[in-house]
Number of protein chains: 2
Amino acid sequence: MARMSELTDSCVELVADCRLRAATDLFAHTWDPVVLMALRPGPRRRRELRAAIGGLSDKVLTEALRRLCAHGLVERHSFAQAPPRVEYALTRLGHSLVDGPMKALGDWTRKHGDELLDAQEHAARTLPAPPRPR
Amino acid sequence: MARMSELTDSCVELVADCRLRAATDLFAHTWDPVVLMALRPGPRRRRELRAAIGGLSDKVLTEALRRLCAHGLVERHSFAQAPPRVEYALTRLGHSLVDGPMKALGDWTRKHGDELLDAQEHAARTLPAPPRPR
DNA sequence: CGCGTTACGTACCGATCGGTACGTGGAGAA
DNA sequence: TTCTCCACGTACCGATCGGTACGTAACGCG
């Protein structure tokens with residue numbers, strides 16, 4: 001199947017509305033939501049982002065920022081300075097996403113996180129036969 | 001980097017809280033959110049799900065359902081009948097996710113969907129040089 | 001004139017994802 | 001008996017993802 005970005009308009013069937021797919025695709029890449037969150041307090045430089053977020057490679061950060069820019073969630077400001085200085089900041093759209101749905105997700109996880117772990121353990125105990133996907 | 005499911009406890013750094021990562025991982029697989037949405041009205045059988053959702057393969061549905069079951073979001077009920085009858089339904093936890101964060105995401109997309117598309121087109125116009133990631 | 005800093009780009013690689021195609025087991029229908 | 005239905009399981013495959021390693025262009029500093 002083609003990537004969803006090519007289907008955002010041609011939603012034939014799907015459940016409620018395929019717009020949901022377009023939205024969940026924003027979370028599809030591992031680090032994109034994290035970068036978004038890291039940008040919440042204010043504009044940041046690449047270095048600062050890499051430091052704030054632990055464990056993501058330089059390349060992946062670049063890709064994430066490019067995607068987020070392309071989606072209009074993040075803006076890039078480059079300053080003509082000695083060592084190049086580039087800052088990334090949330091756009092209005094980006095803020096609306098972070099403060100809306102992403103906050104909702106965070107709140108949900110905070111409330112049901114333990115429940116989620118319990119459920120996983122329970123599942124692991126009750127159906128241990130199959131070779132454990134993932 | 002290891003899969004996030006192995007890191008849900010050992011969150012060293014990350015931004016706000018790594019729980020967010022555990023949550024976004026629930027959306028990591030393409031069809032999982034769609035299946036969740038399809039289950040919202042009530043219990044469904046595999047066939048019904050495949051029919052309601054268009055374009056996902058049999059195998060992927062199975063995998064999605066297994067994951068969702070393993071996460072405690074969906075329950076499996078099998079009936080001892082002539083042609084095997086198996087129904088899948090949202091658990092309480094699943095309902096809380098769908099009616100909470102996922103609804104928020106859906107609402108956001110409904111409000112900002114056009115804005116998102118506009119931003120994408122704008123980005124495509126202003127920075128056409130790189131070989132178009134994705 | 002090297003050296004360090006910053007923000008990238010490029011090459012390559014193993015793991016995973018989603019897809020197609022096909023097989024299986026048991027019960028009812030033809 | 002053979003066919004069909006249903007819910008899977010298995011094998012294989014191409015595309016993508018994220019990671020490591022390394023190169024580059026421009027500038028300031030000692």
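A, B, ... follow the sequence lines: proteins, then strands. Residue 1 opens every chain.
Across the protein-nucleic acid pair, B:E87 atom CD and D:dC8 atom P stand 12 Å apart, rounded to whole Å. Rounded to whole angstrom, the span from the CD atom of A:E48 across to the P atom of C:dA7 amounts to 8 Å. For B:R50 and C:dG19, the CZ to C1' distance is 11 Å, given to the nearest whole Å. Between the CZ atom of A:R67 and the P atom of D:dT16 there is a distance of 13 Å, given to the nearest Å. Rounded to a whole Å, the CG atom of B:D58 is 17 Å from the P atom of D:dA11.
Distances shown here put a side-chain N or O of B:T30 below 4.0 Å from the OP1 or OP2 atom of C:dG18. Contact annotation: A:R47 side-chain N/O to C:dC8 OP1/OP2 distance is not under 4.0 Å. Residue A:R76 places no side-chain N or O under 4.0 Å from the OP1 or OP2 atom of C:dA7. Note on A:R85: every side-chain N or O is 4.0 Å or more away from OP1 and OP2 of C:dC8. Contact annotation: B:R45 side-chain N/O to D:dC6 OP1/OP2 distance is not under 4.0 Å.
Taking only side-chain atoms of A:K59, from C-beta outward, the nucleotide of D:dG19, C:dC8, C:dG18 with the closest atom is D:dG19. Considering only the side chain of A:S57, D:dG19 comes nearest among C:dG18, D:dC8, D:dG19. Among the nucleotides D:dG19, C:dC8, D:dG9, the one closest to any side-chain atom of A:T62 is C:dC8. Distances were taken from every side-chain heavy atom of B:V60 (C-beta onward) to each of D:dC8, C:dT20, C:dG18; the shortest belongs to C:dG18.
Across the interface with DNA chain C, nearest-nucleotide mapping of B:P84 and A:P83 shows A:P83 to be the residue nearer the 5′ end.
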Go through it in stages, so that I can follow the logic: the residues are B:R44 and B:E87, the test is side chain to side chain contact (heavy atoms under 4.5 Å, CB included), and I'd like the CA-CA distance, side-chain angles, deciding distance and then a yes or no. CA-CA 5 Å; B:R44 291 267 174 114; B:E87 278 189 353; over 6 Å; no

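Checking A:S57 against A:R50 by side-chain atom types alone, no donor-acceptor pair falls below 3.5 Å. For the residue pair A:R46 and A:T62, a side-chain donor N or O sits within less than 3.5 Å of a side-chain acceptor on the partner.
Between A:D107 and A:K111 there is no salt bridge, since none of the side-chain N atoms of the basic residue sits less than 4.0 Å from a carboxylate O of the acidic one.
Here A:Y88 lies in heavy-atom contact (under 4.0 Å) with sugar-phosphate atoms only.
A donor-acceptor contact shorter than 3.5 Å links the side chain of B:T91 to the backbone of B:G72.
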